[in-house]
2 protein chains.
Amino acid sequence: MELRDLRTLIGIAESGSLSGAARKLNLTQPALSASLKRLEDELKVQLVARHSRGADVTEEGKFVLQKAYAILHDVADMTTVAQDLIEEPIGDVRLGLPTTVAGGITAELVHRLCTRHPLVRLHVIEAMSGVLVEQLQLGRLDMAILFDIQPMAGLRSEPILIEEPRLLVSGSHELASRKQIRLDELDQLELVMPSQVHSIRGLIDRISKSEGVSLKIIADVDSFPGIVSLVQKGYPTIFPTYLVREHIERGTIAAIPLVQPRIDWTLHLATRQDSVRPRASLATARLLIDLCSELVVNGIWPGRLHPRRAP
Amino acid sequence: MELRDLRTLIGIAESGSLSGAARKLNLTQPALSASLKRLEDELKVQLVARHSRGADVTEEGKFVLQKAYAILHDVADMTTVAQDLIEEPIGDVRLGLPTTVAGGITAELVHRLCTRHPLVRLHVIEAMSGVLVEQLQLGRLDMAILFDIQPMAGLRSEPILIEEPRLLVSGSHELASRKQIRLDELDQLELVMPSQVHSIRGLIDRISKSEGVSLKIIADVDSFPGIVSLVQKGYPTIFPTYLVREHIERGTIAAIPLVQPRIDWTLHLATRQDSVRPRASLATARLLIDLCSELVVNGIWPGRLHPRRAP
DNA sequence: TCTTTGATATAAATATTGTTTATACCTAAC
DNA sequence: GTTAGGTATAAACAATATTTATATCAAAGA
């Protein structure tokens with residue numbers, strides 16, 4: 001089946017005759033006749049009742065007609081999308097970032113976006129991964145960085161990079177000089193962690209359970225500065241290192257790689273796909289991914305590029 | 001634009017190369033290449049990045065691809081609908097009927113449907129017109145007979161017949177022998193009527209207001225048998241005559257045509273259009289319309305066919 | 001009633017368009 | 001370097017949609 005014949009059907013429905021449709025579509029009447037016949041033969045339904053004063057769409061035809069309109073409407077949508085994609089990006093973009101990511105990239109991203117795409121206005125919403133997924137689905141966000149996302153209708157997601165969280169201890173902690181540490185060694189420590197609504201906590205809980213290690217978590221702290229100060233006071237945590245980079249450089253916090261098992265997760269950029277004017281989203285996504293890749297390649301953001309991004 | 005090229009794009013996306021898509025679509029690689037070029041030229045966007053190891057859909061291409069899937073999905077839907085239309089009708093049909101219609105046609109409709117389309121199960125829901133519209137929109141009904149409907153998304157409606165309500169008085173009433181009556185003569189009478197949620201009452205109210213006639217309605221009665229017994233006790237009403245046919249023949253109720261202004265309304269059959277398997281609905285709709293037309297033509301149902309049904 | 005008008009159907013010729021064939025070229029992998 | 005697997009391009013070819021020309025039909029009007 002081809003769109004040509006659907007356009008024919010619509011033309012006939014709207015003009016009430018094959019000849020009328022032919023005039024409207026700049027074709028001859030036999031061409032219309034043949035086109036309609038093609039469609040009817042393919043669907044094996046009589047769509048149009050021809051008579052000497054014109055032609056009427058049959059009851060059956062009206063059902064098919066309805067679908068034909070929907071299809072051609074979507075086709076028009078598609079060309080609109082394509083048009084939009086080649087024009088200068090403009091409009092609002094609502095970007096959701098998890099706490100552990102937002103602090104490190106927001107400023108630079110906003111700066112680059114202003115420079116490269118001055119007509120795009122960026123709204124950054126910082127929240128937990130779970131909240132971001134919800135907001136995305138509700139349409140309140142255009143895109144978000146998420147952890148280990150599963151495919152969802154209307155969303156397209158792309159892996160960006162793989163992060164390895166580390167054991168963070170204060171610089172004066174007895175473990176501070178360790179080059180690596182096994183998960184089962186942690187059962188002696190009094191840890192602080194974010195609560196289970198954070199995906200990192202969920203991951204740690206799952207892994208420690210499957211490894212048969214019981215961690216002593218003495219407090220759930222859903223505050224990044226709170227966790228940092230607790231680490232410095234002697235309560236270790238397992239956390240991505242990006243945001244504590246300065247502390248590590250100053251030596252006030254040590255970040256010890258975890259081995260056996262190795263723990264990592266993938267950061268994805270998930271984007272809503274239903275927009276009819278997606279160019280602003282697309283431009284932002286590109287800058288965002290470029291920025292993240294750059295930070296990782298330059299070693300500023302500890303982690304490695306996802307294989308699909310750096311082959 | 002034609003579907004051929006959209007299929008090409010999807011094939012390339014799914015196989016990761018032009019040659020792969022060509023194999024899958026039973027075409028040669030240059031044909032695919034040309035098809036893709038056509039699409040890209042038309043949309044003026046590069047959809048696929050070609051390289052020596054295959055081809056990747058670009059970011060822009062993914063937006064277009066998404067729409068392409070939607071379109072071809074709808075095309076598949078359309079063929080399903082068409083298939084359904086030529087097979088033996090089967091399934092459940094939920095039909096909504098206003099009170100003044102249900103009593104007169106339900107039995108015969110069920111009987112005919114059982115005979116002609118034994119695989120179709122009919123559910124008749126009797127309710128007020130306003131309720132029926134709601135239920136239709138909510139998807140709880142497949143079709144309904146409604147009064148003076150306005151076009152709505154997802155519904156197709158077709159006029160069936162025009163009813164003229166009459167003044168019903170008891171056989172012994174002083175007006176019982178009148179051949180016709182003007183609306184302004186009714187201001188002396190003590191009337192009963194259905195409440196304003198019924199469309200007949202809304203119509204009467206609008207007309208009497210615009211004609212400057214104030215009717216004395218002494219009770220709102222939302223019960224058909226209630227109204228009939230009140231008429232017999234001496235309180236006239238304005239009502240369709242179909243359901244009181246027997247009373248009229250026995251002379252216990254007289255039905256007096258209203259003139260100046262003439263009052264009428266059109267009964268429509270409204271059908272949901274979003275079903276993927278509409279043949280049962282369609283078959284039922286046809287029987288229903290045939291039945292109504294028959295009753296009108298034979299004079300059993302007072303009214304006249306809509307001009308579009310009886311040219 | 002006969003003619004005219006405006007519609008559709010059909011067949012053959014034509015034009016367009018998509019497809020294949022043949023070839024060149026590119027790049028990653030061996 | 002050679003090979004394998006990919007894409008691009010041009011010309012020949014095939015398929016198919018379109019036009020032209022004609023036949024047919026039904027309703028409206030003389």
Side-chain angles (χ1 to χ4, degrees), chain A residues 1-58 60-61 64-65 68 72 75 307-311, chain B residues 1-58 60-61 64-65 68 72 75 307-311:
Chain A
M1 176 175 318
E2 293 297 335
L3 294 178
R4 184 190 344 276
D5 298 335
L6 300 186
R7 295 193 185 97
T8 295
L9 178 63
I10 288 176
I12 294 170
E14 289 183 350
S15 69
S17 75
L18 301 213
S19 344
R23 280 188 290 274
K24 191 153 71 175
L25 299 173
N26 290 316
L27 290 169
T28 58
Q29 171 264 316
L32 260 282
S33 197
S35 174
L36 176 59
K37 191 166 184 306
R38 260 192 319 264
L39 190 61
E40 288 183 327
D41 286 350
E42 179 165 356
L43 296 179
K44 303 193 210 76
V45 185
Q46 189 185 348
L47 302 171
V48 171
R50 291 83 147 169
H51 45 79
S52 62
R53 291 186 46 96
D56 291 328
V57 178
T58 61
E60 291 88 345
V64 174
L65 182 63
L72 288 176
V75 170
R308 256 173 51 190
R309 299 216 59 76
Chain B
M1 179 178 313
E2 291 298 334
L3 295 178
R4 184 190 345 277
D5 298 334
L6 299 186
R7 296 194 184 97
T8 294
L9 178 63
I10 289 176
I12 294 171
E14 289 183 350
S15 70
S17 75
L18 300 213
S19 343
R23 280 188 290 273
K24 192 153 69 175
L25 299 173
N26 290 316
L27 290 169
T28 58
Q29 172 264 315
L32 261 281
S33 197
S35 175
L36 176 59
K37 190 166 185 305
R38 259 194 317 266
L39 191 61
E40 288 184 327
D41 286 351
E42 179 166 355
L43 297 179
K44 302 192 210 75
V45 185
Q46 188 184 350
L47 302 171
V48 171
R50 291 84 148 168
H51 45 79
S52 61
R53 291 187 46 94
D56 291 328
V57 178
T58 62
E60 290 89 345
V64 174
L65 181 63
L72 288 176
V75 170
R308 254 170 58 189
R309 299 217 59 75

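Protein chains get the first letters and strands the later ones, always in sequence-line order, with residue 1 at the start of each.
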Could you state the atom-to-atom distance from CE of B:M1 to C1' of C:dT17 in whole Å?
17 Å

Does B:R50 come within less than 4.0 Å of B:E40, counting only side-chain N to carboxylate O?
yes

Would you kindly give the CD-to-P distance between A:E2 and C:dT17, to the nearest whole Å?
14 Å

Taking the side chain of A:P30 as heavy atoms from C-beta outward, which of D:dT20, D:dT18, C:dG18 is closest to it?
D:dT20

Atom CG of B:L47 to atom P of D:dT7: distance rounded to whole Å?
15 Å

Interatomic distance where NZ belongs to B:K37 and P belongs to D:dA10 [whole Å]
10 Å

Specify the residue among A:R53 and B:S52 whose closest nucleotide of DNA chain C lies further upstream toward the 5′ end.
A:R53

B:D5 CG - C:dT17 P separation (whole Å):
13 Å

Using whole Å, what does the distance between atom P of nucleotide D:dA17 and atom CG of A:L6 come to?
13 Å

How long is the line joining CG of B:L27 and P of C:dT17, in whole Å?
18 Å

Under 4.0 Å: is that the gap between some side-chain N or O of B:S33 and OP1 or OP2 of D:dT7?
no

If you compare all heavy atoms of B:L32 against all heavy atoms of B:A21, which two are closest, and at what distance to 0.1 Å?
CD1-CB, 3.7 Å

Look at the side-chain N and O atoms of B:R38 and state whether any lies under 4.0 Å from the OP1 or OP2 oxygen of C:dG18.
yes

By nearest-nucleotide position on DNA chain D, the 5'-leaning member of B:Q29 and A:Q29 is B:Q29

Close side-chain approach of A:R38 to A:T8, heavy-atom, < 4.5 Å
no

Using whole Å, what does the distance between atom P of nucleotide C:dA7 and atom CG of A:L32 come to?
13 Å

Candidates D:dT20, C:dA7, D:dT7 - which lies nearest the side chain of B:L18
D:dT7

Is B:T28 near enough to C:dT20 that one of its side-chain N or O atoms lies under 4.0 angstrom from OP1 or OP2?
yes

Start at the 5' end of DNA chain D and walk down; is the nucleotide closest to B:G20 or to A:A34 reached first?
B:G20

Is any side-chain nitrogen or oxygen of B:S19 closer than 4.0 Å to OP1 or OP2 of D:dG5?
no

Should B:R50 be listed as having a side-chain N or O under 4.0 Å from OP1 or OP2 of D:dG6?
no

Nearest heavy-atom contact between A:L9 and A:L47 is CD1-CB, 4.2 Å

Tell me the closest heavy-atom pair linking B:A55 and B:V48, and the distance in Å.
CB-CG1, 3.4 Å

